[in-house]
Chemist: 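Okay, handing you the structure first.
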Amino acid sequence: MAKYGSPSFAVFLVDGYNVLAAKLQAFTSKVTAKSQTCHGLGDTWELNSPTGISTAMITQSGAYFDDASNSMHSAFSAAAVTSRVVSWAPTGNTIGKSFIGVQGTYSTEYDVVGKVGGLTNANAKYVVSGQLDRGVIVQSWTAKTIDWNTKTDGNQVDYTLDTSQRVIPITSATKANPCVVTTSVVHGLTTGQKVLISSNTLSGPSINSDLAVTVISTTTFSVAVNTTASTGAGTGGTFVRSSTVNGGAAYQQVSDFTGFTGFVGKVQHSADDITYATLATFANVTAANTSERVAVAAGTTVNRYLAFDGDVTGSGSITPFVGFSRA
Amino acid sequence: MSDGKDYVATVELTTKDRTVVAVPGETCEHVDPRSLEWLEQCGAIVRVTPAEDAPRG
């Protein structure tokens, strides 16, 4: 398993501001499932019942903020009612690597420790109103000067290669029409979702491909392949999901913006890596230090490949960072 | 065999080289026929003429 240290923590953006540049010394994020006490008179032990509600909290400490006007210090020390968008990349600034984003982040503490020259040393704590989204980087935090698309550059993100996915073992696959697949653990699939099956022993025809499933039970599903005439025992193999069916969220942060008069970013998806459909479109950006979260509605299919399209107006330079989280 | 002319795009569709092959409301004759099935399944295109195997009357 890959291990990531301090140098891997390559991106930490709050409302388009680069907090890493401020020599951040420590950072924590914590998700807590809330419960409520439900004991009464006569009970001898405290009883708790889950509420189904989770809260997220992030803290940063030891950063030196520039205290010039309109700088990070003035932005972060603003009233606590300001909702912020926060994105970070703990495993490197590379397309396809892990990304985490939160929106509705309210600072509850901004603690000035001291001042050195024109810099303010401060700690901050944020409580998140809403959910914390985990996903992948679809556009790394890199300066751009012309229109671009990550798929054109060969940097589309393939969901089947996502190492955070569970690899589900297959117990058996029937010689039938349709073929019924049994798994040794709960598969967690939804009818209509697609899976990439590999290493199953059926052949002629095989089921080792990217297929839509029809769920039969928590450990069985069928795929639209007629395996009546197949050879092989139909045992073994694994699958990973190649699409999700419950929408998600796209995050964009723009830390630098000079020269251009506009910038529109779009997250696109594809099932076949041939044609791409727009999944989420961000608002036109005209200045630096902007951020946005675009929700993709629950029930929306998000296909196997993700790409980012950047469309600039005029000439100049822009440094965006974009992540997408599948729900 | 489905034809792109039978479908209208609901979102912008592009190729890998950034060529826009359909914008929302436009028919899909420039879309690669191999992509029509999944595009319809996820709602990125909608059929505007009945399928040949659809019941008549």
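Note on naming: letters A, B, ... go to the chains in the order of the sequence lines (proteins, then strands), and numbering restarts at 1 for each one. Worth knowing before you read on, the calculation uses all heavy atoms, side chains too, and leaves out hydrogens, waters and symmetry mates.
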Chemist: With a 4.5 angstrom heavy-atom cut-off, is it the side chain or the backbone of B:L13 that approaches chain A, or both, or neither?
Modeler: both
Chemist: Looking only at side chains, do A:D272 and B:W38 share a donor and an acceptor under 3.5 Å apart?
Modeler: yes
Chemist: Does B:E29, at its CD atom, have more than 12 non-hydrogen atoms belonging to other residues, nucleotides or ligands within less than 6.0 Å?
Modeler: yes
Chemist: Can you tell me how far CG of A:N149 sits from OG1 of B:T19, rounded to the nearest 0.5 angstrom?
Modeler: 10.5 Å
Chemist: With side chain to side chain contact (heavy atoms under 4.5 Å, CB included) as the criterion, how do B:T14 and A:K151 come out once you've worked through the C-alpha distance, each side chain's angles and the decisive distance to 0.1 Å?
Modeler: CA-CA 11 Å; B:T14 63; A:K151 64 179 188 283; 3.1 Å; yes
Chemist: Show, in sequence, the C-alpha distance, side-chain angles and deciding distance for B:Q41 and A:T301, and conclude whether the side chain to side chain contact (heavy atoms under 4.5 Å, CB included) test is met.
Modeler: CA-CA 9 Å; B:Q41 283 170 356; A:T301 295; over 6 Å; no
Chemist: Just by distance, do the side chain of A:T275 and the backbone of B:S35 share a donor-acceptor pair under 3.5 Å?
Modeler: no
Chemist: Against chain B, label A:D273 side chain, backbone, both or neither, depending on which of its atoms sit under 4.5 Å from a heavy atom there.
Modeler: both
Chemist: Let me confirm one number: the CG-CD1 distance from B:D32 to A:I274, rounded to the nearest 0.5 Å.
Modeler: 5.0 Å
Chemist: How close do B:R18 and A:G310 get, counting heavy atoms only, and between which atoms?
Modeler: NH2-O, 3.5 Å
Chemist: Just verifying a value: how many Å separate A:T152 OG1 and B:K16 NZ, rounded to the nearest 0.5 Å?
Modeler: 8.0 Å
Chemist: Please classify the contact between A:T281 and chain B as side chain, backbone, both or neither, with a heavy-atom cut-off of under 4.5 Å.
Modeler: neither
